[in-house]
Number of protein chains: 2
Amino acid sequence: MAKTGDPARAVTGPALSALEFALDRSSPVPLYYQLAQQLEAAIEHGALVPGNLLGNEVDLSVRLGLSRPTVRQAIQSLVDKGLLVRRRGVGTQVVHSQVRRPLELSSLYDDLEAAGQGPTTQVVRKEVVAASADVAAALGVAEGGEVTVLERLRLTHGQPVAVLCNYLPTTLLDLDSARLESTGLYRVMRASGITLHSARQTVGARSATREEADRLDEEEGAALLTMWRTAYDDTGRPVEYGTHIYRASRYAFDFQLLVRP
Amino acid sequence: MAKTGDPARAVTGPALSALEFALDRSSPVPLYYQLAQQLEAAIEHGALVPGNLLGNEVDLSVRLGLSRPTVRQAIQSLVDKGLLVRRRGVGTQVVHSQVRRPLELSSLYDDLEAAGQGPTTQVVRKEVVAASADVAAALGVAEGGEVTVLERLRLTHGQPVAVLCNYLPTTLLDLDSARLESTGLYRVMRASGITLHSARQTVGARSATREEADRLDEEEGAALLTMWRTAYDDTGRPVEYGTHIYRASRYAFDFQLLVRP
DNA sequence: TAGTGGTCTAGACCACGGA
DNA sequence: CCGTGGTCTAGACCACTAT
């Protein structure tokens with residue numbers, strides 16, 4: 001709908017043709033990835049307006065000196081991110097914006113940090129215990145077997161936000177309390193060479209007990225958000241089981257979904 | 001870990017070589033998709049056990065009479081679904097299971113139906129109103145402009161589960177109350193040719209007001225799950241804005257996340 | 001009919017991981 | 001070292017959409 005340049009060619013690929021793409025073939029970064037990043041930057045920066053057609057893939061590949069499959073791979077990655085839409089017989093166009101980052105395996109610490117909330121963490125408990133039935137089932141260990149339990153209180157601006165209780169296979173990694181107080185659990189795990197792959201989450205709510213209310217500086221009976229999560233590494237083995245509670249008055253889950261056709 | 005057949009060849013691709021794949025080149029279904037479906041079925045069915053290597057892509061393509069890029073495309077789609085993991089220098093293996101369906105733009109109706117909860121719906125309100133500021137912002141219409149508001153009560157086993165309040169652009173589609181009572185809103189929208197593409201959701205919690213408690217058969221102050229959602233079609237235009245409340249005692253959000261590398 | 005994306009081929013070289 | 005997946009090429013034909 002937005003006119004850009006020569007109206008006679010407005011449909012076939014206006015804004016894109018004015019853009020410069022710098023591809024470095026000597027870089028270890030794949031060409032399709034370089035192109036995808038620059039396209040994404042152009043969209044983010046506003047050089048490509050929502051609704052704009054991208055120009056056909058063949059022309060684009062010729063202009064860039066790439067093969068069409070390589071160009072397609074770049075475009076596809078942005079389609080997967082929800083930034084572009086392909087239409088057969090029409091072309092590829094920029095989505096009408098408002099769409100943002102896709103849902104990720106969210107780290108509360110990262111979320112708060114990104115929001116400029118200056119999170120801090122207190123490690124309340126860190127010890128090896130016998131696995132209860134639910135923990136054993138989630139982590140795939142024997143009931144009564146050893147697991148590490150980690151309990152933390154997360155705060156922003158000195159106010160408590162959540163109580164995080166996590167169970168991990170004892171053999172998995174060394175948990176350094178100091179590091180856990182300065183960053184999130186997931187970063188510590190990643191730094192230990194664990195590549196997180198997927199997670200199963202359940203989000204619910206309930207009223208705070210007397211004890212929970214005290215710890216979170218709420219009234220008894222206040223609404224709490226609850227989350228259970230089991231996270232898996234890239235071989236599909238469970239690496240973490242957590243039961244978290246959040247002050248609903250100070251936190252909500254916010255995320256983006258994409259529909260897979 | 002599971003032994004399958006000749007132990008001497010157990011590493012290179014045992015289970016797969018015994019499988020038959022039937023590819024129909026005259027079918028309109030793409031070859032990579034046929035292969036992906038049959039691989040997925042083999043995993044679901046247990047013919048491919050978690051941890052099994054798939055055998056290298058070159059051999060597989062020769063055996064199937066396909067090019068390697070086509071085989072890669074099939075495998076990639078299962079990697080995207082979280083069923084397979086690729087490891088350079090090692091091979092492609094089946095994930096250790098437990099991973100299930102990825103997160104989708106969930107329809108409460110479909111969720112309940114899939115769980116065998118026999119959902120029913122009462123359309124409480126359906127009319128054209130002037131858009132308030134938040135609705136106007138979410139749907140991208142002028143404040144005070146016309147929007148359709150739809151309010152429904154969702155029940156399972158005759159018990160109320162949620163109050164669903166949705167706002168839609170008035171021009172978008174005809175809402176048939178009878179159809180809305182027998183299925184979900186998203187199915188009605190899809191049937192009207194609207195292809196949902198993405199959504200932004202916020203999930204929180206709060207205590208029930210007197211009125212909310214009455215409608216949901218809860219006590220005043222009971223914990224409620226809340227959800228705001230704006231859904232977009234494939235051009236990125238907002239097509240629905242909803243504010244939902246759920247009885248936390250009877251419902252929780254359950255979903256699967258995948259980490260994008 | 002003309003133009004677009006969707007699919008597919010038959011090769012090639014490279015980077016990484018394990019033995 | 002060798003085998004694996006990761007990337008890339010230069011074509012080809014088809015299906016769908018708009019005019």
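Atom-to-atom, CD of B/Gln34 to P of C/dT7 comes out at 12 Å; the value is rounded to the nearest Å. In this structure, A/Asp59 places its CG atom 17 Å from P of C/dA2, rounding to the nearest Å. Whole-Å rounding puts the B/Glu57 CD to C/dC14 P distance at 19 Å. One can place CG of A/Leu64 at 13 Å from P of D/dC8, the figure rounded to the nearest angstrom. In this structure, OH of B/Tyr33 is placed 11 Å from P of C/dT7, rounded to the nearest angstrom. The separation between B/Leu60 atom CG and D/dT4 atom P is 12 Å, rounded to whole Å. Between the CD atom of A/Gln73 and the C1' atom of D/dG5 there is a distance of 13 Å, rounded to whole Å. If you take CG of B/Leu35 and P of C/dC8, they are 10 Å apart, rounded to a whole angstrom.
Side-chain contact, A/Gln76 with A/Tyr32: no donor N or O sits under 3.5 Å from an acceptor N or O. Checking B/Thr202 against A/Asp254 by side-chain atom types alone, a donor-acceptor pair falls below 3.5 Å.
Side-chain atoms of B/Glu40 do not come within 3.5 Å of backbone N or O of B/Leu78 as any donor-acceptor pair. Side-chain N or O atoms of A/Gln34 include one that pairs as donor or acceptor with a backbone N or O of A/Asp24 at under 3.5 Å. At least one donor-acceptor pair under 3.5 Å links the side chain of A/Gln38 to the backbone N or O of A/Ala22.
Looking at the side chain of A/Arg88, the nearest of the listed nucleotides D/dA15, C/dT7, D/dC8 is D/dA15. When distances run from any side-chain atom of B/Arg86 to the nucleotides C/dG18, C/dC8, D/dG6, the shortest one goes to D/dG6.
Side chains of B/Leu168 and B/Met189 form a contact here, defined as non-hydrogen atoms less than 4.5 Å apart. When side chains are defined from C-beta on, A/Asp233 does not count as touching A/His197, because their heavy atoms never get closer than 4.5 Å.
Contact detail for A/Val141 and A/Ala131: the closest heavy-atom pair is CG2-CB, 4.1 Å.
Heavy atoms of other residues, nucleotides or ligands lying less than 6.0 angstrom from CZ of B/Arg179 number 12 at most.
When the side-chain nitrogen and oxygen atoms of A/Thr92 are compared with OP1 and OP2 of C/dT4, none of them lie within a distance under 4.0 Å. Taking side-chain N and O atoms only, A/Tyr32 has a distance below 4.0 Å to OP1 or OP2 of D/dT7. In terms of phosphate contacts, A/Arg72 brings a side-chain nitrogen or oxygen within less than 4.0 Å of OP1 or OP2 of C/dG6. Regarding contacts with the backbone of D/dG3, every side-chain N or O of B/Asn56 stays at 4.0 angstrom or more from both OP1 and OP2.
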Any protein N or O atoms within reach of nucleotides 9-12 of chain C? Criterion: under 3.5 Å, listing atom names and distances.
from: C/dT9; atom 1: OP1; to: B/Arg25; atom 2: NH2; distance (Å): 2.5
from: C/dT9; atom 1: OP2; to: B/Ser67; atom 2: N; distance (Å): 3.0
from: C/dT9; atom 1: OP2; to: B/Ser67; atom 2: OG; distance (Å): 2.9
from: C/dT9; atom 1: OP2; to: B/Thr70; atom 2: OG1; distance (Å): 2.6
from: C/dA12; atom 1: N6; to: B/Arg68; atom 2: NH1; distance (Å): 3.3

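For the helix from C/dT1-D/dA18 to C/dG18-D/dC1, the axis fitted to the five pairs at one end and the axis fitted to the five pairs at the other end meet at an angle of 20° (nearest 10 degrees).
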